[in-house]
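Small disclaimer: the values here were computed from a predicted structure and weren't measured. Just so you know, these numbers use all the heavy atoms, side chains as well, and skip hydrogens, waters and symmetry mates. One-based numbering, in listed order, for ligands and for the atoms of each.
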Amino acid sequence: MQLKSTFTDEVFSLVLGFIQVFLSLDLTRIGAFMLLYGESPSQIRILLLLGQDADSAPLIRGMQDSDLPCTIHECRDLMQLDHVLSSKDFSIDVLVIDLAESHLKYARQLIQISQNLPIVMLAPAGREAWIKQAVQLKNEHFLIKDAEGGFLALLPIVLLRVINQSREQHARTSAELNMIEHRLSLSQIVEGSPVASFVIDCNHQVTHWNQACEVFTGKKAFEMIGTSNQWQAFYSEPRPVLADLMLEDALEQKVKAFYPGKVSVSSNNKGVFEAEDFFAHMGENGRWIYFTATPIRDDCGKVVGAMETLQDVTRRHAVEAALQASEAFLAQIVDGSSVATFVIDRDHTVTHWNRACEALTGLAASDVIGTHEQWRAFYPSERPVMADLIMNGAMADDVDQFYHGKFRPSRLIEGVFEAEDFFAHFGTEGKWVFFTAAPLRDLDGKVVGAIETLQDMNERRLAEEALKASEARYRDLSITDGMTGLFNSRHFYESIEKEIERARRYGRPLSLLLMDIDNFKKVNDQYGHLEGDKVLQSLAMVIRGCLREMDSAYRYGGEEFIVVLPETRSDDAINVAERLRQRFEDQIQRPAPSLVLHCTVSIGVSQFVVGDDAKSLVKRADDGTYQAKHQGKNCVVLLDALKD
Ligand SMILES: Nc1nc2c(ncn2[C@@H]2O[C@H](COP(=O)(O)OP(=O)(O)OP(=O)(O)O)[C@@H](O)[C@H]2O)c(=O)[nH]1
């Protein structure tokens with residue numbers, strides 16, 4: 001029962017008629033009112049403004065007679081009214097004004113003070129004009145009371161209705177306000193966003209199409225808002241965009257049908273669907289777009305629209321495609337390389353194992369890629385390979401633990417190690433392998449993997465060994481007498497210098513034997529040079545059989561031999577010489593098939609004394625031999641330096 005501010009006599013009469021109907025229906029009890037409106041009354045807080053001399057008793061009694069639970073605060077003037085309304089201690093549902101003439105003077109202030117509080121005005125019969133005057137200020141409810149306080153019984157019902165209307169109005173206003181706020185904030189969010197975004201309502205009509213979206217799609221907001229043409233921005237034919245699907249039942253099913261394999265629910269935000277797709281009709285050459293859509297719900301959770309955002313990820317796709325191509329290219333390079341190569345990632349998982357590596361190690365790429373079992377190619381049990389150590393940032397000490405004596409830091413690259421080792425199970429007879437591992441770094445220099453290359457060193461090793469053998473052979477030949485196998489005289493002078501130096505420096509004894517075959521010319525003359533050679537070889541064999549490891553024997557001249565005896569004094573040297581002489585004499589020579597011959601040797605002995613050099617030492621031994629010849633040959637003569 002609200003009156004418009006354009007209050008007229010006709011309306012006023014109508015209202016009065018309505019009150020009469022109320023009365024005729026005898027709806028004067030709250031219970032009956034509740035039947036009509038279905039409202040449950042709660043404690044109603046009433047503020048009662050009375051005229052100066054007015055009696056509140058009939059009014060309060062009227063309220064008490066009703067079933068309406070209420071509390072009543074009384075006030076008599078505007079000050080009191082203001083105090084109660086502005087106090088936090090009082091919460092008022094309705095203002096009842098028992099109109100007095102005095103109120104009319106400040107009716108305007110009164111209505112201002114009451115703010116939005118519902119007002120019920122009571123005027124005495126015959127004073128309807130007061131009401132008329134008062135309600136012109138504010139459209140409110142009113143009642144005319146007769147002299148006996150008649151109609152007052154209707155007051156509780158009017159109060160309830162007023163309060164309910166007020167609450168409904170309030171609720172409606174707040175909902176509208178919420179909606180406006182919601183729309184306002186959504187508008188601000190969408191319009192202000194640098195991310196291309198658009199919003200549709202529950203009828204699939206575009207309500208927002210922000211500037212970024214205009215730039216992104218080339219479609220102007222004024223073309224799109226109010227239409228359902230959002231598909232035109234993306235497709236050549238009408239079809240739902242992701243936002244449209246947010247309004248559908250069986251949402252996920254439909255999303256999957258329209259974006260098969262391209263869409264998922266965001267892991268960060270459960271209500272948001274995200275997708276990535278190529279839109280061939282966008283831009284010059286099509287575009288990769290990352291787009292999200294989310295339903296917009298009202299306070300009750302009902303879907304009332306949807307918002308979609310768009311981001312151009314074409315460049316990222318191009319970069320990813322280039323990266324993939326470069327990875328594929330790299331994989332081909334690695335695979336095609338004739339150098340056995342494998343790569344591990346930061347988790348030590350094998351990512352590449354090329355054909356050369358398969359051939360060298362005998363382990364198939366398919367058996368090792370994706371595993372941590374690179375060790376299988378090299379070792380019988382699990383342990384790190386060089387690439388694993390590099391990946392772990394190993395220092396020389398760590399590498400030494402696994403490759404002791406076999407590795408060295410690379411001379412070319414810092415942080416890289418190289419090693420050489422023999423792998424017995426490679427090939428048919430095992431192989432020498434040179435291997436080197438280097439870290440793989442990302443653009444920030446962080447180690448993200450390691451590459452190891454392996455080179456079959458067998459052929460080189462064999463060649464090296466052959467070379468060493470040949471060098472040794474050559475060296476042996478250069479210091480060896482070809483006929484007897486003993487060292488030659490050139491080597492004697494190298495050796496005797498060292499031995500003299502050692503004997504001098506450490507005061508160690510050193511002796512020399514110089515021997516000459518007796519009557520050798522005769523052998524040659526009688527049986528020929530070749531038979532003479534056999535005698536020379538026979539003496540060489542006897543000498544070799546009599547020497548210790550530290551001794552050395554030399555063919556000094558044609559039929560002259562020298563034996564160097566380190567750590568040997570002259571008396572021991574004489575013993576050696578005697579043994580030699582005897583064994584040679586015992587040796588049977590057969591210069592002709594039926595002929596047995598025994599040859600002899602004369603031996604001169606000298607011992608090193610301080611001041612000796614090679615020449616003097618040899619000279620004394622030679623003199624000893626000479627004396628032995630003079631003493632009848634086949635004997636040993638020591639030529640003592642002191643006696644000399
Ligand atoms: N078969 C052979 N004979 C050699 C070789 N070198 C030296 N002769 C011979 O050795 C002989 C040495 O003879 P002489 O120096 O006269 O001495 P000798 O006959 O051994 O007599 P004495 O030394 O006094 O016992 C010579 O006939 C040389 O030709 C050789 O390599 N092979």
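- Protein residues having at least one heavy atom under 4.0 Å from any atom of ligand 1 are Asp516, Ile517, Asp518, Asn519, Phe520, Lys521, Asn524, His529, Gly532, Asp533, Leu536, Arg555, Gly558, Glu559, Lys629, Lys633, listed by chain and number.
- Taking the charged nitrogens against the carboxylate oxygens, Arg473 and Asp476 have no contact shorter than 4.0 Å, which rules out a salt bridge.
- Every residue meeting the side-chain hydrogen bond (donor to acceptor under 3.5 Å, both in side chains) condition with Arg408, not counting sequence neighbours, appears here in chain and number order: Glu418.
- Taking the side-chain contact (heavy atoms from CB on, under 4.5 Å) definition, one finds that Thr341 meets it with Val334, Ser337, Val339, Asn354, Ile451, Thr453, sequence neighbours left out.
- With hydrogens and angles left out, the side-chain atoms of His491 and Glu494 include a donor and acceptor closer than 3.5 Å.
- The line from NE2 of His317 to CH2 of Trp288 is 4.5 Å long, rounded to the nearest 0.5 Å.
- Residues meeting the side-chain hydrogen bond (donor to acceptor under 3.5 Å, both in side chains) test with Tyr527, sequence neighbours left out: none.
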